[in-house]
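Presented below is the structure to which this report refers.
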Amino acid sequence: MSVVEQYARAHIVTDADLLAEEQDAVPVVLKYDPEADPRLVRMRLPGRRSREWTFSRSLLEQGLRAPAGSGEIQVWPCGRVQTVVEFHSAQGVSVVQFETKALMRFLRRTYLAAAPTAPVEREPQLRS
């Protein structure tokens with residue numbers, strides 16, 4: 001099993017004044033390590049609020065179809081081609097908008113990485 005790391009472009013949605021470079025799409029790192037825990041994914045946000053969030057892969061998958069989550073992390077579809085991930089912490093709320101197909105591609109890769117490999121069949125040994 002191998003680690004999956006993917007960069008996705010996302011928009012940070014806020015009503016605060018942003019620096020010019022923060023208004024553009026930013027690279028977010030999506031990571032999955034099936035050996036650490038096959039149920040979890042990680043997302044690292046750039047910039048002043050840089051932080052790595054760890055949450056269930058099933059939450060991300062469910063949130064592509066309908067609002068999912070409670071507490072620190074919530075995910076929901078936004079129209080037909082966007083998905084929103086909302087992160088809550090003591091420092092505030094970060095709302096990040098992704099293209100849904102980027103998240104779907106990442107999830108597909110995680111399931112391939114976690115798929116068990118078929119055992120290698122050995123030819124029977126003849127004993128003399």
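If you read the sequence from its start, that first residue is 1, and numbering goes on from there. Note that the coordinates shown come from a computational prediction; the quantities given were computed from them, not determined experimentally.
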Practice task
Apply the test side-chain contact (heavy atoms from CB on, under 4.5 Å) to residues L45 and E52: give CA-CA distance (whole Å), side-chain angles for both, the deciding distance (0.1 Å), then the verdict.
Solution key: CA-CA 6 Å; L45 303 178; E52 185 167 278; over 6 Å; no
Handout entry: Donor + acceptor pair across side chains of S58, R39 (<3.5 Å)
Key =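 No donor-acceptor contact under 3.5 Å links the two side chains.
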Exercise for the section: Go through the steps to decide whether V41 and T54 satisfy the test side-chain contact (heavy atoms from CB on, under 4.5 Å), and finish with yes or no. Expected result: CA-CA 6 Å; V41 295; T54 302; over 6 Å; no
Problem - Residues which pass salt bridge (Lys or Arg N to Asp or Glu O under 4.0 Å) with E72, listed by chain and number, not counting sequence neighbours - result: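 In terms of salt bridge (Lys or Arg N to Asp or Glu O under 4.0 Å), with neighbours along the sequence ignored, E72 is linked to no residue.
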Problem - Shared hydrophobic cluster for V4 and L40 (ILVMFWY, side-chain gaps under 4.5 Å) - result: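 Per the 4.5 Å side-chain linkage, V4 and L40 are not co-clustered.
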Exercise for the section: Verify the cluster assignment for F87 and L59: are they in a single hydrophobic cluster under the rule of side-chain heavy atoms below 4.5 Å apart? Expected result: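 Shared cluster, yes.
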Close side-chain approach of [X] to [Y], heavy-atom, < 4.5 Å:
{"X": "L107", "Y": "L64", "value": "yes"}
{"X": "F55", "Y": "L60", "value": "yes"}
{"X": "V84", "Y": "V95", "value": "yes"}
{"X": "S2", "Y": "P34", "value": "no"}
{"X": "R9", "Y": "P27", "value": "yes"}
{"X": "F98", "Y": "F106", "value": "no"}

Quick check against the 3.5 Å criterion: does [X] have a side-chain atom that pairs as donor or acceptor with the backbone of [Y]?
{"X": "Y32", "Y": "P38", "result": "yes"}
{"X": "R44", "Y": "R51", "result": "no"}
{"X": "E99", "Y": "A8", "result": "no"}

Problem - Shortest non-hydrogen contact between G63 and T83, atoms and distance - result: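 Closest heavy-atom pair between G63 and T83: O-CG2, 4.2 Å.
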Handout entry: Taking every non-hydrogen atom, the tightest pair across H88 and G71
Key =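 Where H88 meets G71 most closely, the heavy atoms are CD2-O, 3.7 Å.
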Exercise for the section: Hey, could you give me the CZ/CG distance between R57 and D37, rounded to the nearest 0.5 Å? Expected result: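 Between atom CZ of R57 and atom CG of D37 there are 9.5 Å.
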Practice task
Kindly check if the number of other-residue, nucleotide or ligand heavy atoms within 6.0 Å of OH (Y111) is above 12?
Solution key: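 Yes, the 6.0 Å shell around OH holds more than 12 heavy atoms from other groups.
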Problem - side-chain contact (heavy atoms from CB on, under 4.5 Å) between W53 and S89, worked out - result: CA-CA 10 Å; W53 296 83; S89 71; 3.8 Å; yes
Practice task
For V29 and E5, run side-chain contact (heavy atoms from CB on, under 4.5 Å): C-alpha distance rounded to whole Å, both residues' side-chain angles, the deciding distance at 0.1 Å, then the answer.
Solution key: CA-CA 7 Å; V29 180; E5 187 170 282; 3.8 Å; yes
